[in-house]
Amino acid sequence: PQVNTSFAVPSTPASDSLTTVKHPGGNSAGIMFDVQVKDYNLSIHTFDMYMYTYGQYGESRRVYFYYKEGTYWGAEHEPMNWILHDSVDVHMSDYNYQRNIYIPIILNKPIPLQAGKIYGIYITQGMVNENNIFNCTGLPPVSNGQMTVFPGTKLQNRRFLNSAFPETDRKDGYMFSGTIHYDYSFECPQDIMVNNEPGTCGARVTYPSLTADGGLNSGDTFPAGTTPASVSVTDANTHTTYNCNLDVIVHDTEKPHFGF
């Protein structure tokens with residue numbers, strides 16, 4: 001008799017966040033730092049940032065968000081290696097011109113990060129000689145298991161727009177101060193791999209919504225080898241249902257038997 005080999009559709013977590021530190025240790029015109037992603041593709045959609053908001057330089061500030069694949073280290077003066085991903089205007093009156101508060105800055109489009117990679121992030125603002133982005137020194141990397149943020153480089157007295165990239169007055173070992181909010185990006189399930197049942201050339205596979213070539217469905221016996229198949233999976237973030245292609249792979253692990 002064959003054993004029923006059952007699988008559940010893996011669920012992708014909806015969203016999460018990572019707080020580095022929630023107190024200022026110093027301010028700067030911008031900060032570069034590295035982010036490492038572990039098991040899932042992520043999309044950063046909001047930065048809670050500690051900023052001056054008392055309006056010394058007018059009603060609003062524009063904050064720029066750059067990123068690059070790979071560490072920022074070595075690319076501090078290479079603008080062509082960076083992608084200007086977004087810019088967001090922060091209106092001081094929305095925060096009653098309070099001097100030092102955390103401000104949620106929602107990006108117009110999320111920053112996509114792939115699993116298993118390191119990315120450089122560069123956050124700066126649009127006023128010359130204005131240091132209103134806070135950061136802290138002397139902190140180790142901060143991680144929640146899926147995202148790790150490393151100490152970076154703060155940039156003093158920004159000379160960013162229409163000038164050298166970036167400001168040469170730099171100080172290393174500073175941590176971005178705030179919270180990074182992100183969603184987990186939808187990923188299709190991986191191939192289904194099982195061993196054949198003893199004495200047979202196949203295995204019974206149960207997998208929600210599984211359909212395959214040859215009229216096979218969930219609960220049927222799949223032959224040894226590779227069978228193209230598909231499953232329907234719903235994204236926990238958007239509640240959108242996707243049709244995902246995968247293979248059902250049955251490994252024949254038994255040694256051949258010869259009859260005489």
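Throughout, residue positions are numbered sequentially from 1 according to the sequence presented.
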**Report entry** side chain to side chain contact (heavy atoms under 4.5 Å, CB included) against Ile106, all qualifying residues, sequence neighbours excluded
**Finding:** Thr46
Query raised in the report: Out of curiosity, Phe65 CZ to Asp86 CG, how far, rounded to the nearest 0.5 Å?
Result: 7.5 Å
Requested in this report: State which residues pass side chain to side chain contact (heavy atoms under 4.5 Å, CB included) with Ile83; sequence neighbours excluded, sorted by chain then number.
Outcome: Tyr67
Requested in this report: Can you sort out the partners of Asp89 under salt bridge (charged side-chain N to carboxylate O under 4.0 Å, His left out), two or more places apart, ordered by chain and number?
Outcome: Arg62
Query - Rounded distance [0.5 Å steps], NE2 in His251 versus CG in Asn195 - result: 6.5 Å
Report task. State yes or no: do Phe150 and Ile121 share one hydrophobic cluster built from I, L, V, M, F, W and Y residues joined by side-chain heavy-atom distances below 4.5 Å, directly or via other members? Result -> no
Requested in this report: Heavy atoms only: give me the nearest Thr200-Gly202 pair and the separation to one decimal.
Outcome: OG1-O, 3.0 Å
Query - Heavy-atom check, side chain of Val231 versus side chain of Pro189, under 4.5 Å - result: yes
Query raised in the report: Any donor and acceptor pair, going by atom type alone, linking the side chain of Trp82 with main-chain N or O of Gly120 inside 3.5 Å?
Result: no
Requested in this report: For residues Ile111 and Tyr182, determine if any side-chain heavy atom of one lies less than 4.5 Å from a side-chain heavy atom of the other.
Outcome: no
Query raised in the report: Using a distance-only test with no angle check, is there a side-chain donor-acceptor pair under 3.5 angstrom linking Ser230 and Thr211?
Result: yes
Query raised in the report: Under 4.5 Å between side-chain heavy atoms, hopping through other hydrophobics if needed: is there a path connecting Val35 to Phe47?
Result: yes
Report task. Report whether Val142 and Val21 are members of the same hydrophobic cluster (ILVMFWY, side-chain heavy atoms less than 4.5 Å apart, transitive linking). Result -> yes
Query - Listed partners of Thr179 passing side-chain hydrogen bond (donor to acceptor under 3.5 Å, both in side chains), at least two apart - result: Thr19
Query raised in the report: Where the side chain of Thr226 meets the backbone of Ile249, is there a donor-acceptor pair that is under 3.5 Å apart?
Result: no
Query - pair Pro151-Pro141: side-chain heavy atoms closer than 4.5 Å - result: yes
**Report entry** Partner set under salt bridge (charged side-chain N to carboxylate O under 4.0 Å, His left out) for Asp191, not counting sequence neighbours
**Finding:** none
Report task. With rounding to the nearest 0.5 Å, note down the distance linking OH in Tyr66 to CG in Asn81. Result -> 13.5 Å
Report task. State, with a plain yes or no, whether a side-chain heavy atom of Met49 is found less than 4.5 Å away from one of Ile103. Result -> no
Query - Candidate pair Leu210 and Phe222, rule side-chain contact (heavy atoms from CB on, under 4.5 Å), full reasoning - result: CA-CA 12 Å; Leu210 176 66; Phe222 284 71; 3.7 Å; yes
Requested in this report: Would you mind reporting whether Ile44 and Met147 have side-chain heavy atoms less than 4.5 Å apart?
Outcome: yes
Requested in this report: Output the distance between atom OG1 (Thr148) and atom CD1 (Ile118), rounded to the nearest 0.5 Å.
Outcome: 9.0 Å
Query raised in the report: Quick one: are Leu216 and Val248 in side-chain contact, heavy atoms under 4.5 Å?
Result: no
Query raised in the report: Looking at residues at least two apart in the chain, or sitting in another chain, which of them share a side-chain hydrogen bond (donor to acceptor under 3.5 Å, both in side chains) with Asp48?
Result: His181
**Report entry** Those residues that, when tested against Phe33, pass ring pair (Phe, Tyr, Trp, His ring centres under 6.0 Å) (two or more places apart)
**Finding:** Phe176
Report task. Drop me the distance from Asn243's CG to Cys188's SG, to the nearest 0.5 angstrom. Result -> 8.0 Å
Report summary line: Closest non-hydrogen atoms of Pro140 and Met175, given as atom of the first, atom of the second and distance, are O-CE, 3.3 Å
Report summary line: salt bridge (Lys or Arg N to Asp or Glu O under 4.0 Å) pairs touching residues 104-118, sequence neighbours excluded, are Glu69-Lys117
Requested in this report: Tell me, please, which residues at least two apart from Lys38 pass side chain to side chain contact (heavy atoms under 4.5 Å, CB included).
Outcome: Gln146
Query raised in the report: Side chain of Ser218, backbone of Tyr207: donor and acceptor closer than 3.5 Å?
Result: yes
Requested in this report: For residues 244-253, pull every pair meeting salt bridge (Lys or Arg N to Asp or Glu O under 4.0 Å), keeping only residues two or more places apart or in separate chains.
Outcome: none
Query raised in the report: Hey, are the side chains of Tyr184 and Leu42 touching, using non-hydrogen atoms and a 4.5 Å cut-off?
Result: yes
Requested in this report: Calculate, to the nearest 0.5 Å, the distance between atoms NZ and OH belonging to Lys154 and Tyr174 respectively.
Outcome: 4.0 Å
Query raised in the report: Tell me, do Thr20 and Leu139 make a side-chain contact under 4.5 Å, heavy atoms counted?
Result: no
Report task. Sequence neighbours left out, what passes ring pair (Phe, Tyr, Trp, His ring centres under 6.0 Å) with Tyr119? Give chain and number order. Result -> none
Query raised in the report: Where the side chain of His85 meets the backbone of Pro110, is there a donor-acceptor pair that is under 3.5 Å apart?
Result: yes
Report summary line: Across all chains, not counting sequence neighbours, the side chain to side chain contact (heavy atoms under 4.5 Å, CB included) partners of Thr71 are Asp34, Trp73
Query raised in the report: Can you tell me if Asn41 uses its side chain to pair, donor with acceptor, with the backbone of Ala115 under 3.5 Å?
Result: yes
